[in-house]
Every structure is written in C-alpha cells, then in structure tokens.
Amino acid sequence: QSQLAESGGGLVQPGGSLRLSCAASGFILDSYAVAWFRQAPGKEREGVSCISARSGMMTKYADSVKGRFTISRDSAENTVYLRMDNVKPEDTAVYYCARDWRPDADNCAITRARYSVWGQGTQVTVSS
C-alpha cells in the first residue's frame, strides 16, 4: 500500500526555520514527482513547492515562499524534505505532501489535480 507520512511540524518564531519531512512507504518515492501543499484555517489548500522525479532537476515554488523555502530529496531515506527559512506568521497552516499520479515525470506542477497519494499533514504554527 502506497503511503506518505509528514513530520517535522511544530511551533516556530517568526524568522526561524523548520524542516518538514515526507517519508514514503510501499513504493520508491524517487520515481515520482512530489509536491508540498498547505491549508490555513478557512482557506483553500494551496501549492507551495514541487520537485520532479528521479534526479529532481526541476523544482517550483509559489511566489509567497520563493527564496525562503527549499525542496529536496534523499533517495536513501525515501524521503522528500521542505526546508522553511525566515518563516512568517502567514506560513501557519497544515502542510501536506503528495505524490504524482504517474511515475518518472521530468517536470512538476503545484496543482492539486496532478497528485493522487496524499499524506495526513503536519501542523506548522509561526508565532512569537
């Protein structure tokens, strides 16, 4: 059974850093494009970042996080990470990772329709 599990969320002060993890089980995560999404209370789920399959040569970021967040892969750990630096209160949300519906895509997109396997989410709260 293909599953994703997010971890690493928590409470962080504005300007601080956090690293979220998305661990896969039941399949090789490296074979798929992966994206991070987030959903704040009362708002729609929005795309944050994505990374293409295999070497992960393509990455994309929402304008709101560009220059502050970094997505990366660790093939040995079967995990994708989202490094969050210089966080802001508006980054507060539940963060979800998701896997592409098809393997071996050399591109990615931060649109929900692209992704078929989702994790349960991890809460990130940015507050002083």
- Query: Of Y32, F37, W101, which meets side-chain contact (heavy atoms from CB on, under 4.5 Å) against Y115?
  - Reply: F37

- Message: Membership question, hydrophobic clusters at under 4.5 Å side-chain separation (ILVMFWY): are V94 and V124 in the same one?
- Response: no

- Query: What's the shortest heavy-atom distance between S21 and T79, and which atoms?
  - Reply: CB-CG2, 4.1 Å

- Note on the structure: Output for pair (M57 CE, I51 CD1), nearest 0.5 Å, gives 10.0 Å

- How close do G26 and S2 get, heavy atom to heavy atom, and via which atoms? O-OG, 4.2 Å

- Heavy-atom pair with the smallest gap, counting every atom of A105 and D100: CB-OD2, 3.5 Å

- Query: So how far is it from Q123 CD to L11 CG, rounded to the nearest 0.5 Å?
  - Reply: 10.0 Å

- Message: Under a 3.5 Å cutoff, is there a donor and acceptor pairing between the side chains of S17 and D85?
- Response: yes

- Does S31 have any side-chain contact (heavy atoms from CB on, under 4.5 Å) partners at least two apart in sequence or in another chain, and if so, which? I28, R54, D104

- In terms of heavy-atom contacts, Y61 and I71 come closest through OH-N, 2.9 Å

- Under a single-linkage definition using a 4.5 Å side-chain heavy-atom cutoff for Ile, Leu, Val, Met, Phe, Trp and Tyr, are F27 and V34 assigned to the same hydrophobic cluster? yes

- Message: Checking T111 now: which residues fulfil side-chain contact (heavy atoms from CB on, under 4.5 Å) with it, not counting sequence neighbours?
- Response: A109, R114

- Query: Is there a side-chain contact between D30 and R73, using heavy atoms and a 4.5 Å cut-off?
  - Reply: yes

- Message: Salt bridge or not between K66 and D63? Use side-chain N to carboxylate O under 4.0 Å.
- Response: yes

- Message: Using side-chain heavy atoms (C-beta onward) and a distance below 4.5 Å, is E46 in contact with R38?
- Response: yes

- Note on the structure: CH2 of W118 to CZ of R99, rounded to nearest 0.5 Å, is 12.5 Å

- Closest heavy-atom pair and its distance - A93, A40: CB-N, 3.8 Å

- Only one of F69, Y96, Y81, W36 passes side-chain contact (heavy atoms from CB on, under 4.5 Å) with L20; say which it is. W36

